[in-house]
Structures are given as structure tokens and as C-alpha cells.
Amino acid sequence: MENNKNIKICHVQNSDKEFWFSLDKHFSETEFEKKVRYKQGYVLFVDDLPIGILRYNLFWDNTPFCTLLYISEKYQRTGYGKRLMDFWESEMLSLGYDWILVSTQSDEDAQHFYRALGYEDCGSLIAPDQPMELFLSKHLK
């Protein structure tokens, strides 16, 4: 990540819809509208260019659960994903949450990324005809 880049992270807005759906292929327009309304999604901009997204919900209606983090391919492995996660974690802490969750499929490299950020394995789910879903948690300080 270059230090001279202007980085901005904002709550997702309706105007981000086209970019959002260019990265998020597992989402309905109705759910997108909810993320905008309830401020449960973020867009990361570099020099005013959108390059990444993060969305979350509340697991058990009380625990923040990151359901998607995606950085445009050109910008992956450059520190922007960590920057977006740090922002989300800080916001969750400021909202009074002290425990958060993420998940990823067992055949994806994201599990290593989350572990490097201090997340610990806390369970899994096996769905028919899918790789095992790993759940990882982190206590915020």
C-alpha cells in the first residue's frame, strides 16, 4: 500500500450500488437497501476510486458478523483488506461490541488472513454440497 494514497472508508450509499454489485455476487437488491438503511456496509476508496467492500449483520441479533469482505483483484494483498477490517473493528468497539465473528470456506485462503488479524477458530458448519464453513471470532480490546 502506498503511503501517498488518499484512503477513505464510508458507509455504503445507494450511489455505490453499481460498484457494490460488481464485487458482491451473492446479494439481493433488497438486502443491499437494508445495508444502506442500517449502515451495515462500507466502501473503501483510494484516491476517490472504490476498491473494496465489507458487509455485516448481527448474529443472534447481538454479535457483529462480517459476512463479506472483498477488495478488487488489482488491490488484493496490498493492505487494504486489513485497513477495512481495522475500521470495522474500531466501529464495532465504539458501538459497544466486544466480540465479533467472521467466516470463510475451508478451501479459501481468507482463513489465514483472518488468523493473522487475531481471529481464532470457534466452530464450523457443513452444508450439503459445500466446503466446510469456518467460523472465527475475535475479542475486541
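Heavy atoms only: backbone and side chains are in, while hydrogens, waters and symmetry mates are out.
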Whether the side chain of Lys35 engages the backbone of Tyr56 through a donor-acceptor N/O pair (distance < 3.5 Å, no angle test) should be reported. yes
Is atom NZ of Lys74 surrounded by more than 12 heavy atoms (other residues, nucleotides or ligands) closer than 6.0 Å? no
NZ/Lys82 to CG/Leu69 distance, rounded to the nearest 0.5 angstrom? 12.5 Å
Say you draw a straight line from CG of Leu136 to CG of Leu117; how long is it, rounded to the nearest 0.5 Å? 10.5 Å
Mind checking the CZ-CG spacing from Arg55 to Asp24? Nearest 0.5 Å is all I need. 4.0 Å
Cluster link Leu23 to Val46, ILVMFWY, side chain under 4.5 Å: no
Please work out which of the three classes, parallel, tilted or perpendicular, describes the rings of Phe87 and Tyr42, given edges at 30° and 60°. perpendicular
About how many Å separate OH of Tyr80 and CD1 of Ile9, when rounded to the nearest 0.5 Å? 11.0 Å
Hey, what's the ring geometry for Phe59 with Phe65, parallel, tilted or perpendicular (30° and 60° as the breaks)? perpendicular
Please state whether the rings of Trp20 and Phe27 are parallel, tilted or perpendicular, taking 30° and 60° as the class boundaries. tilted
Please give me the minimum heavy-atom distance between Ser28 and Phe21, naming the atom from each residue. O-CZ, 3.7 Å
Would you say Cys122 and Leu101 make side-chain contact, with heavy atoms under 4.5 Å? yes
Could you state the interatomic distance from CG (Leu140) to CD1 (Ile100), rounded to the nearest 0.5 Å? 4.0 Å
State whether the side chain of Asp47 and the backbone N or O of Asn6 hold a donor-acceptor pair below 3.5 Å, judged by distance alone. yes
Nearest heavy-atom approach of Pro64 to Trp88 is CB-CZ2, 3.7 Å
Candidate pair Ile53 and Val12, rule side-chain contact (heavy atoms from CB on, under 4.5 Å), full reasoning: CA-CA 8 Å; Ile53 59 175; Val12 63; over 6 Å; no
Donor-acceptor contact present, side-chain Gln111 to main-chain Thr104, <3.5 Å: no
If you define the side chain from C-beta out and look only at heavy atoms, does anything of Glu91 sit under 4.5 Å from Lys39? no
Is there a donor-acceptor pair closer than 3.5 Å between any side-chain N or O of Ser103 and the backbone N or O of Glu133? no
Would you find more than 12 non-hydrogen atoms of other residues, nucleotides or ligands less than 6.0 Å from Arg115 atom CZ? yes
Decide yes or no for Met85 and Tyr114: does some side-chain heavy atom of the first lie under 4.5 Å from some side-chain heavy atom of the second? yes
Under 3.5 Å: donor-acceptor pair, side chain of Lys138, backbone of Glu89: no
For the pair Asn14 and Phe32, evaluate side-chain contact (heavy atoms from CB on, under 4.5 Å) and give the outcome as yes or no after the intermediate values. CA-CA 8 Å; Asn14 283 320; Phe32 175 81; 4.0 Å; yes
Rounded distance [0.5 Å steps], CG in Leu93 versus CG in Asp98: 8.0 Å
Got Gln40 and Leu58 here, is their nearest side-chain heavy-atom distance under 4.5 Å? yes
Step by step, work out the side-chain contact (heavy atoms from CB on, under 4.5 Å) result for Phe135 and Leu125. CA-CA 8 Å; Phe135 288 84; Leu125 172 70; 3.8 Å; yes
Tyr70 side chain near Gln76 side chain, heavy-atom distance below 4.5 Å: yes
CD/Glu120: more than 12 non-hydrogen atoms of other groups inside 6.0 Å: no
At their closest point, which heavy atom of Phe19 faces which heavy atom of Pro50, and how far apart are they? CE1-O, 3.3 Å
How about Tyr119 and Leu134: do any of their side-chain heavy atoms sit closer than 4.5 Å? no
Common cluster, Tyr75/Ile7, ILVMFWY with side-chain heavy-atom separation under 4.5 Å: yes
So for atom NE2, which belongs to His26, do other residues, nucleotides or ligands contribute more than 12 heavy atoms lying within a distance under 6.0 Å? no
